Asks: 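What follows is a single structure, and I will ask about it in a moment.
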Amino acid sequence: MSRSPALQHFLDESMAALRASTTGEAAAAAGRVAERLAQAGTPQGVTATRLPVCDWIAPALQAAQDGPRQALAQAFGALEGQLNWQRRRTARPEDAAFWNGHGNAMILGPGGLEQREDLWIGVTVMAPGTVYQDHDHPPEEVYLSLAPGEWWNARMDWTDPGAQGAIYNPPGIRHAMRAGATPFLALWYLPA
């Protein structure tokens, strides 16, 4: 099976950014992402949906146009309108700041453009000032930022990896993210 040119371009730019940005455990995880990407998953029809917080994507991508991840931001921008944006399942309307301030979309994996169980690639957008709830999951995870933000996990204090950095979360570790004064936009890669 073949991927759409836009999806393949995004995946190629993702791998280039992962290779350029990761070392140690994160580089090993990026290698596992690359191994899994060698085989295409099953393309699936996705009903594209947006949440109001998605209005922050354009300003975040515009800010990335002058940075080192310009090509990745442009490749993501070509796919963004095809995605099914959702809130985290544990989000509750009573927590209005989180409910209204975040959105996630799967690119590859359950509900994504390509169905697969061995690899999840997705994206998170957050409005300025939003904190993403502490959570954990069995697969390890590598984040690449497209717009400024900070990450925390049980092994490190709040950290901004910068425009060329990456964040690695080992399997099962408690972690969180937060946006500062500008919108947050980050891609995540979970080799299962």
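As the structure is a computational prediction, the values presented were derived from the model and not from experiment.
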Asks: Are Leu190 and Ile173 connected in the hydrophobic side-chain network, where two residues link if heavy atoms are under 4.5 Å apart?
Replies: no
Asks: When you compare the side chain of Trp188 with that of Leu144, does any pair of heavy atoms fall below 4.5 Å?
Replies: no
Asks: Consider only side-chain heavy atoms of I, L, V, M, F, W and Y, link residues closer than 4.5 Å, and tell whether Tyr189 and Leu37 are in one cluster.
Replies: yes
Asks: For Gln133 and Thr90, does a side-chain donor sit closer than 3.5 Å to a side-chain acceptor?
Replies: yes
Asks: Centroid separation under 6.0 Å, is that true for the rings of Phe98 and Tyr132?
Replies: yes
Asks: Quick one: pull up CG in Asp160 and CD in Glu150 and give me the separation to the nearest 0.5 Å.
Replies: 6.0 Å
Asks: May I ask whether Val53 and Leu79 are part of the same hydrophobic cluster, defined by side-chain heavy atoms of I, L, V, M, F, W, Y residues being less than 4.5 angstrom apart, directly or through others?
Replies: yes
Asks: Rounded to the nearest 0.5 Å, how far does CZ of Arg88 lie from NE2 of His135?
Replies: 5.0 Å
Asks: Compute whether any side-chain donor of one residue and acceptor of the other, for Thr22 and Tyr168, lie under 3.5 angstrom apart.
Replies: no
Asks: Out of curiosity, Met106 CE to Asn104 CG, how far, rounded to the nearest 0.5 Å?
Replies: 8.5 Å
Asks: Quick test of your reading of the model: are Arg32 and Glu140 salt-bridged, counting only N-O distances below 4.0 Å?
Replies: yes
Asks: Do the numbers put Arg178 on top of the ring of Trp152, so that NZ or CZ is under 6.0 Å from the six-membered ring centre and no more than 45° off the axis?
Replies: no
Asks: Before accepting this row, confirm whether a basic side-chain N of the pair Glu117/Arg36 lies closer than 4.0 Å to the acidic partner's carboxylate O.
Replies: no
Asks: Using modelled atom types only, decide if a donor and an acceptor are shared between the side chain of Ser4 and the backbone of Leu7 within a distance under 3.5 Å.
Replies: yes
Asks: Determine the minimum heavy-atom distance between Pro128 and Ala181, stating which atoms define it.
Replies: CB-O, 3.6 Å
Asks: Cut-off 3.5 Å, side chains only: do Gln74 and Gln65 have a donor facing an acceptor?
Replies: yes
Asks: Does the Lys NZ or Arg CZ of Arg92 fall within the cation-pi geometry relative to Trp99 - under 6.0 Å from the ring centre and within 45° of the axis?
Replies: no
Asks: Can a donor-acceptor pair be found, under 3.5 Å and without considering hydrogens, that links the side chain of Arg174 to the backbone of Asp134?
Replies: yes
Asks: Donor-acceptor pair, Thr159 side chain versus Asp157 backbone, under 3.5 Å?
Replies: yes
Asks: If you round to the nearest 0.5 Å, how far is OG1 of Thr42 from CG of Leu108?
Replies: 11.5 Å
Asks: Distance from Glu13 atom CD to Gln70 atom CD, nearest 0.5 Å?
Replies: 10.0 Å
